[in-house]
Amino acid sequence: MAISKTKYEASEAEIIELFSYHGVGNVQKIDPLGNGEFNAAYKVTCDDGMSYALKIAPPEGSKVLTYENNMMESEVFWYSQMHENTDIICPKVLACDFTKAILKSNCFIMEMMAGEPLWAVEFSDKEYEAVQKQKISMLARIHRIANDGFGYNQMGLKPSWYEALKDMALKLTNDCKELGHETPDGETFIRLIDKYETLLKTVPCRMVNFDLWDSNVLYNTETGKICLIDPERGFWGDPVADFITLSPGQKAPLSAKQKELDIYNDTALEKIFLNEETEARYALAVCYLALIEEVEKYVRYEPDDPTYIRNTIDSRDMYHMAFDILE
């Protein structure tokens with residue numbers, strides 16, 4: 001398992017005090033939770049038998065990427081958007097604490113949701129296909145949440161997807177340079193954003209999860225329903241970008257996802273059809289994910305860490321696939 005440089009290690013005393021202060025309950029047991037690589041998370045069981053999830057942002061002063069600053073506030077925002085605007089199953093946030101008075105980092109307490117990550121469940125082929133249909137339907141509902149400003153809430157919104165995507169890419173390339181590294185592929189990506197300026201200015205502004213991997217979707221064996229967790233990497237942008245996490249994965253072009261598009265269009269209010277424009281929009285989103293993976297390894301891991309190596313290979317493969325479409 002990768003050892004992350006950004007995880008806050010909370011003490012038992014801190015967690016007990018936090019739960020008491022917010023009136024959630026008297027803590028009886030604390031267990032590490034999840035395999036996330038950025039935030040710390042704990043399963044906290046209280047004396048009433050109820051369990052809760054505690055999520056803690058990286059410690060103050062940790063080196064994070066520009067878009068990751070105040071990302072915990074973004075996660076709470078996206079949970080509220082889904083609860084207010086959809087019937088998507090996701091945790092309710094019970095208490096937020098951004099004062100750093102008890103834990104010396106931003107944190108929040110939420111419902112502990114039943115279920116296991118999709119990757120951890122042994123599905124038959126038929127069961128897995130049914131669950132993936134649920135997941136794609138979830139995306140269609142996410143994309144009904146609209147806005148008129150693009151980008152990350154925590155970085156300031158822009159009037160078009162062109163301006164937002166370029167700003168997002170520039171901030172990552174600047175992060176990379178500040179960390180002492182060059183990113184020729186990132187510079188190529190920025191030039192390609194300019195090439196497709198006219199197209200990107202026509203993109204609708206929708207909630208984009210951008211992280212709907214099977215690790216962020218829980219399956220409840222009793223109900224057969226899925227639950228979305230960890231939406232902190234969401235932004236306002238191009239809904240086509242969310243197809244990256246669907247089979248056959250981030251290294252495949254949109255043209256390899258016709259089945260997933262058909263399932264999406266069965267329930268989507270706004271259909272997404274495969275054509276040169278959506279293929280280009282998708283490829284630009286793949287470039288953005290590649291740039292994130294390329295740069296984040298420098299702040300998260302040591303060069304001999306398996307995840308550092310994975311990010312290097314993945315980002316290179318994604319760039320090459322996308323550049324073949326865009327250039």
Review point. Do K297 and T307 meet the criterion of a side-chain donor-acceptor pair at a distance under 3.5 Å?
Key: no
Item checked: K259 atom NZ: more than 12 heavy-atom contacts under 6.0 Å -> no
#### Entry: Electrostatic pair E68:K171 at N-O distance under 4.0 angstrom
no
Check your understanding: For E294 and Y319, does a side-chain donor sit closer than 3.5 Å to a side-chain acceptor?
Key -> yes
Side chain to side chain contact (heavy atoms under 4.5 Å, CB included) with I89: of Q134, K225, M138, M82, only one passes, and it is K225
Across all chains, not counting sequence neighbours, the salt bridge (charged side-chain N to carboxylate O under 4.0 Å, His left out) partners of R144 are none
Sorted by chain and number, sequence neighbours left out, salt bridge (charged side-chain N to carboxylate O under 4.0 Å, His left out) with E75 holds for K55
Any side-chain donor near an acceptor of the partner, E163 and S160, under 3.5 Å | yes
The complete set of ring-ring contact (aromatic ring centres under 6.0 Å, His included) pairs with one or both residues in residues 78-98, sequence neighbours excluded, reads W78-W236
Report task. Would you check if there is a donor-acceptor pair between the side chains of R233 and Y67 at a distance under 3.5 Å? Result -> yes
Residues at least two apart in sequence or cross-chain that pass ring-ring contact (aromatic ring centres under 6.0 Å, His included) with H181, listed by chain then number, are Y298
Determine whether the side chains of T183 and D185 contain a donor N or O and an acceptor N or O closer than 3.5 Å. no
Residues at least two apart in sequence or cross-chain that pass ring-ring contact (aromatic ring centres under 6.0 Å, His included) with W213, listed by chain then number, are none
_Under a 4.0 Å threshold between the charged nitrogen and the carboxylate oxygen, would R281 count as salt-bridged to D238?_
yes
Joining Ile, Leu, Val, Met, Phe, Trp and Tyr whenever any side-chain heavy atoms lie under 4.5 Å apart, the cluster holding L170 also takes in I190
Here the salt bridge (charged side-chain N to carboxylate O under 4.0 Å, His left out) pairs for residues 200-214, sequence neighbours left out, are K135-D214, E197-K201, R206-E270
So the ring-ring contact (aromatic ring centres under 6.0 Å, His included) pairs with at least one residue in residues 249-270 (sequence neighbours excluded) are H143-Y264, F243-Y264
**OP:** Report the C-alpha separation of Y301 and N311 in whole Å, then their side-chain angles, then the decisive distance to 0.1 Å, and conclude whether the side chain to side chain donor-acceptor pair (under 3.5 Å) test is met.
**Re:** CA-CA 10 Å; Y301 314 108; N311 279 25; 5.8 Å; no
Residues passing the salt bridge (charged side-chain N to carboxylate O under 4.0 Å, His left out) test with D262, sequence neighbours excluded, are none
For I244 and M318: C-alpha separation, side-chain torsions, deciding distance, then whether side-chain contact (heavy atoms from CB on, under 4.5 Å) applies. CA-CA 10 Å; I244 289 174; M318 283 189 279; 5.5 Å; no
Sorted by chain and number, sequence neighbours left out, ring-ring contact (aromatic ring centres under 6.0 Å, His included) with Y219 holds for F123
Across all chains, not counting sequence neighbours, the salt bridge (charged side-chain N to carboxylate O under 4.0 Å, His left out) partners of D148 are none
For the residue pair D175 and T66, confirm or rule out a side-chain donor-acceptor distance under 3.5 Å. yes
F235 meets the ring-ring contact (aromatic ring centres under 6.0 Å, His included) criterion, sequence neighbours left out, with Y152, W161, F210
